[in-house]
Number of protein chains: 2
Amino acid sequence: MSSYKHKKVISIGTVNELTGLSLRQIRYYEERQLIYPERTKRGTRKYSFSDVETLLQIADKREEGVQTYEIRKDLQSSNKGKVMERMLRGQLNAHFRMNK
Amino acid sequence: MSSYKHKKVISIGTVNELTGLSLRQIRYYEERQLIYPERTKRGTRKYSFSDVETLLQIADKREEGVQTYEIRKDLQSSNKGKVMERMLRGQLNAHFRMNK
DNA sequence: CGTGTAAGGAATTCTGACACG
DNA sequence: CGTGTAAGGAATTCTGACACG
């Protein structure tokens, strides 16, 4: 769950190299609530590989002309999908355990 | 293979927080060839999660008083072990595919 | 709305070296 | 051998703002 993929350890300069997005863009997408980096005590942003993937998706959408507001909704619903899936899986597991 | 675990994206300050080792120690273990961070164009070191794990192992060994030279040998042989295992696995797979 | 840029300050990282032991 | 530290420079990151559109 709190695996390498979700650990916030990458600084914004590296995210820039990984995604090709400008620092300005990366910060702006945070302002628009598309991503949620963590902050070190001193205030520098730290991103996860998961954030990098999301940014790559955002870049694609933006190229298609989709606005950040729409992209946010998409990201949220796809996340909701994952949560639902996880919950269902949990239910199924419980079910089959009972019938064993 | 070139997964999140091995991607070199973590700066030394973050490695310090993750491992508790001082910057001096982290750099020194590189000098002694226990770890191999990459360098950005400008020269700052970048580490992978794998490097962080190795550093944690190094810290344990050092507490036991093991010298860096010994630790390096241990790390190399454990790596050799992994490579051998992988090669064997490949051979086994090939074997069973043939008998199918 | 989304992104570029110049501005000034604060923290980061780098290297080579001296120190202790 | 392994690690601390002070030293000076170079690059990073941050925020708030003006600009364009």
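Note that the structure is a prediction, hence the values are computed from the model and not measured. Below, chains carry the letters A, B, ... as their sequence lines are ordered, and counting in each starts from 1.
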Under the side chain to side chain donor-acceptor pair (under 3.5 Å) test, which residues partner [X], sequence neighbours left out?
X       : result
A/Ser22 : A/Gln25
A/Glu17 : B/Lys41
B/Ser11 : none

Find the distance [X]:[atom1] to [N]:[atom2] and express it as a whole number of Å.
X       : N      : atom1 : atom2 : value
B/Ile26 : D/dT3  : CD1   : P     : 11 Å
B/Tyr28 : C/dA17 : OH    : P     : 16 Å
B/Asn16 : D/dG4  : CG    : P     : 10 Å
B/Ile71 : D/dT3  : CD1   : C1'   : 14 Å
B/Glu70 : D/dG2  : CD    : C1'   : 15 Å
A/Glu30 : C/dT3  : CD    : P     : 15 Å

Taking only residues two or more places apart in sequence, or in another chain, which ones meet A/Phe49 in a ring pair (Phe, Tyr, Trp, His ring centres under 6.0 Å)?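 Listed in chain order: B/Tyr4.
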Going by number, which of residues 60-67 of chain B have a non-hydrogen atom under 4.0 Å from DNA chain D?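 Those residues are B/Arg62, B/Gln67.
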Using a 3.5 Å limit on both pairing distances, list the dot-bracket string of DNA chain C from the 5' end; Watson-Crick and G-U wobble pairs count, crossing pairs take [ ], interstrand pairs take |. .||||.||.|.|.||.||||.
Which residues satisfy the side chain to side chain contact (heavy atoms under 4.5 Å, CB included) test with [X], sequence neighbours excluded?
X       : answer
B/Ser50 : B/Lys5, B/His6, B/Ser48
A/Arg27 : A/Ile12, A/Leu23, A/Arg45
A/Gln76 : A/Arg72
B/Arg42 : B/Thr40, B/Thr44

Closest nucleotide among D/dT15, C/dG4, D/dG4 to the B/Gln25 side chain: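 Among D/dT15, C/dG4, D/dG4, the one nearest the side chain of B/Gln25 is D/dG4.
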Check the pair A/Glu30, A/Arg39 against salt bridge (Lys or Arg N to Asp or Glu O under 4.0 Å), reporting the backbone distance first and the verdict last. CA-CA 12 Å; A/Glu30 173 185 5; A/Arg39 298 293 184 114; 3.7 Å; yes
For B/Asp60, give me all partners under salt bridge (Lys or Arg N to Asp or Glu O under 4.0 Å), at least two apart in sequence or on another chain.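 Testing B/Asp60 for salt bridge (Lys or Arg N to Asp or Glu O under 4.0 Å), a comparison that skips the adjacent residues, returns none.
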I'd like to compare against my own output: the B/S/- annotation of nucleotides 5-13 of chain D with a strict under-4.0 Å heavy-atom distance to protein. B----BS-B
Is there a donor-acceptor pair closer than 3.5 Å between any side-chain N or O of B/Lys61 and the backbone N or O of B/Thr68?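 Not a single qualifying donor-acceptor pair exists.
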Look at B/Tyr29 and D/dT3 and indicate whether a side-chain polar atom (N or O) is within less than 4.0 Å of OP1 or OP2.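 Yes, B/Tyr29 has a side-chain N/O under 4.0 Å of OP1/OP2 on D/dT3.
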